[in-house]
Structures are given as structure tokens and as C-alpha cells.
There are 2 protein chains.
Amino acid sequence: MVQKIIDRYRGKGFKLTPQRLAILKFLEGNTGHPTAEDIFVEIKKKHPTVSFATVYNTIQALRDRGDLLEITIDPERKHFDPNPSPHHHIICTDCGKIGDIFVDYSAALTLPDNILEEFTPTGNHIDFHGVCRDCSTKQ
Amino acid sequence: MVQKIIDRYRGKGFKLTPQRLAILKFLEGNTGHPTAEDIFVEIKKKHPTVSFATVYNTIQALRDRGDLLEITIDPERKHFDPNPSPHHHIICTDCGKIGDIFVDYSAALTLPDNILEEFTPTGNHIDFHGVCRDCSTKQ
DNA sequence: TATTATAATAGAATTGTTCTAAACTGAGAA
DNA sequence: TTCTCAGTTTAGAACAATTCTATTATAATA
């Protein structure tokens with residue numbers, strides 16, 4: 001898996017440093033929707049001197065490449081999703097856990113005429129809200 | 001309109017101050033999805049000594065009453081919507097303008113089984129992305 | 001291996017939001 | 001009409017997430 005990441009990122013104006021490799025390893029296949037701090041804490045285990053700036057710089061570089069999406073669902077902080085294929089999310093209103101929903105609802109999401117006069121739609125993202133099993137059994 | 005606001009808010013543990021009345025007047029029927037700063041700037045015209053804390057306090061009080069919704073669509077700052085009936089939004093990816101969409105798509109938004117095993121859904125909100133007419137003619 | 005453009009680092013700065021403590025005031029009671 | 005006090009306003013400090021800056025370090029290529 002590490003080799004796959006190396007092959008994918010080496011060259012192309014993307015300097016593959018040990019810190020970046022650690023971030024990429026952490027993100028690869030990660031469906032936990034980590035925040036910048038989650039990434040920072042994880043990378044710090046192996047690279048104790050890493051700085052927040054490195055995490056944010058790398059996040060930015062990956063976003064520019066289209067390999068990382070910023071999720072605007074939690075009003076307190078940004079979450080990131082290494083799966084760049086468009087999908088939706090459900091967030092637990094109790095604990096904030098986020099799940100992925102790989103369904104394309106676009107065909108059903110027709111917009112009213114007054115909106116179509118004012119906007120040319122280019123995409124959509126649905127935030128489902130709900131309560132996760134852990135939280136509903138907890139009480 | 002001012003009298004309507006006064007009738008609606010007086011009493012009920014909600015102290016109707018001049019600052020609050022100005023905020024309520026600004027929000028009444030406002031479909032511009034203002035930020036806290038937008039509200040602050042507006043109120044300051046008539047109440048030059050108003051503080052940000054007052055704006056945030058009042059926002060919080062209105063949210064607690066269910067009269068104001070926080071919109072999590074702009075990663076940079078919170079926007080607020082005085083229309084508490086559930087609806088969706090479309091945001092211009094260029095200038096950030098936000099439009100309201102009063103369509104209930106819920107019947108079409110069926111969730112996959114693996115999600116329903118993990119979450120009990122309680123609601124949904126769609127962020128449409130697009131380009132507004134001003135921005136598309138501008139270039 | 002030397003060169004150079006790019007990245008990492010520590011820490012300061014910035015931005016949006018919340019908190020604090022003291023002074024003030026709207027609304028009901030007297 | 002005045003009194004009273006819980007709730008509100010205010011200035012400014014505090015806070016948290018993120019971005020910026022200047023310096024040092026290093027990966028990738030020649």
C-alpha cells in the first residue's frame with residue numbers, strides 16, 4: 001500500500017516527504033472523516049516534531065490535486081474525506097459521527113423554475129441528520 | 001411590522017430591547033442569509049455602541065426559540081436564516097450568494113440498508129452548488 | 001553529489017466566536 | 001408611577017481553528 005502511494009504521488013510537482021507519506025497512509029481508505037487535528041495527532045505519533053502548518057499545507061496540496069474533499073457539515077470545524085467521488089453524508093446529531101452515502105439522487109433533485117432562472121446548478125451534497133445506534137442505545 | 005414583532009416577542013422570558021428590536025427588524029423576511037457580521041454592521045447604523053456579544057447573544061436566543069436557523073454551507077463563517085421552515089439552499093461557487101429552495105425531496109431520498117442499520121435518520125438538508133446569473137455573465 | 005525548488009518548522013498573526021465581569025434596563029410588581 | 005431584579009448590554013479578554021511568515025531543511029533532478 002505504501003508503494004502504491006509512492007507510485008501515485010512521486011514527481012508531478014508533489015514532493016513526497018516522510019510527513020506527507022504518513023498523512024497519505026493515514027488518509028488512504030479512511031472513512032472516519034478526520035479533522036486537521038485528527039490528522040495532526042495521528043502523524044505526531046511517528047513524527048513528534050510535525051507542525052500544524054505541515055498538516056494544513058498537505059491538506060491544501062491534496063485538495064488542489066482533487067484527492068481530498070473538505071466536508072462542510074460540522075459547524076465547529078472542517079472535516080476531510082479522502083474519497084473524491086461525489087457522495088453524501090449522514091451525521092449523528094448526538095456524537096457527530098459521519099457516515100458515507102454512495103447514492104446519486106440527482107435525477108430526483110429537480111429545481112424550481114425561479115431558481116433555475118437565477119442559478120445554473122453544478123452539483124449537490126446532502127447532509128442527512130440522524131442518531132447513530134451507539135447514541136440511541138446509550139440513553 | 002414593528003408592532004407585529006413586538007406582539008410576537010414581548011414577554012415569554014424574552015426581553016425586547018432596542019438592539020434586539022433592530023435585529024428582529026433586519027431579520028424579518030430577510031432572505032439574504034446574513035452572517036453575524038452582516039447583522040452587526042446593520043445594527044450598528046442605528047446603535048453605534050452595539051457589541052458583537054449582543055448580536056451573538058440574540059442569535060442564540062432566537063435559535064433557542066426556534067426562530068432562526070444556522071446554515072452550515074459556507075466553510076468560512078456561519079450564516080443565519082430567519083425562515084425556520086425546513087428548506088434547502090443553493091450557493092454560488094463564485095460569489096457565495098445563497099438562494100432558498102422550498103421543495104421537500106424527502107420521499108426520494110431513500111437510504112441504503114447499511115446506513116439504516118447504523119443510523120435512524122431524522123432530517124436532511126441539501127446544498128446545491130451552482131453559478132448565479134451575475135457571476136456567469138460577469139466573465 | 002550539487003543544485004534548487006519545494007516542504008517543514010516554530011511561532012506569530014488572523015478570524016470567527018464565546019466568555020467574563022461590571023453596568024444597565026425592560027417588564028412586571030407594588 | 002416607581003421599585004426591583006432577572007435578564008441584557010457592553011468592552012474587552014479569551015479561545016479555537018486556521019493561515020501566514022521567515023528560516024532551515026530536504027527530496028528530486030541534473
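Note that the structure is predicted; figures quoted are calculated from it, not measured.
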Give a yes/no on whether any side-chain N or O of [X] is located under 4.0 angstrom from OP1 or OP2 of [N].
| X | N | result |
| --- | --- | --- |
| B/K44 | D/dT10 | no |
| A/R10 | D/dA27 | no |
| B/R20 | D/dT9 | yes |
| B/Y56 | C/dT18 | no |
| A/Q19 | C/dT9 | yes |
| B/S51 | D/dA11 | no |

Is the shortest distance from a Lys or Arg side-chain nitrogen in [X] or [Y] to a carboxylate oxygen in the other one below 4.0 Å?
| X | Y | value |
| --- | --- | --- |
| A/K97 | B/E118 | yes |
| B/R77 | B/E37 | no |
| A/K78 | B/E76 | yes |
| A/K4 | A/D7 | no |

Of the nucleotides [options], which has the atom closest to the [X] side chain?
| X | options | answer |
| --- | --- | --- |
| A/A53 | C/dT17, C/dA10, C/dA8 | C/dA10 |
| B/L16 | D/dC20, C/dA27, D/dT9 | C/dA27 |
| B/K15 | C/dT9, D/dA6, D/dA27 | D/dA6 |
| B/R77 | D/dA11, D/dT8, C/dG16 | C/dG16 |

Once you apply a heavy-atom cut-off of 4.0 Å, does [X] come out as touching a base, just sugar-phosphate, or nothing?
| X | value |
| --- | --- |
| B/E37 | nothing |
| A/P18 | sugar-phosphate |
| A/T17 | sugar-phosphate |
| B/T49 | sugar-phosphate |

Side-chain (A/T122) to main-chain (B/H129) donor-acceptor, under 3.5 angstrom
yes
Just how far, in rounded Å, is [atom2] of [N] from [atom1] of [X]?
| X | N | atom1 | atom2 | result |
| --- | --- | --- | --- | --- |
| A/H47 | C/dA10 | NE2 | P | 14 Å |
| A/L21 | D/dT26 | CG | P | 16 Å |
| A/K78 | D/dT18 | NZ | P | 6 Å |
| B/I6 | C/dG26 | CD1 | P | 12 Å |
| A/I59 | C/dA8 | CD1 | P | 12 Å |
| A/E70 | D/dT19 | CD | C1' | 13 Å |
| B/R63 | C/dT17 | CZ | P | 10 Å |
| B/D74 | C/dT17 | CG | C1' | 15 Å |

Identify, between A/N57 and B/Q60, the residue whose nearest nucleotide on DNA chain C lies closer to the 5' end.
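So the residue in question is A/N57.
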All ring pair (Phe, Tyr, Trp, His ring centres under 6.0 Å) counterparts of B/F52, not counting sequence neighbours:
B/F40, B/Y56
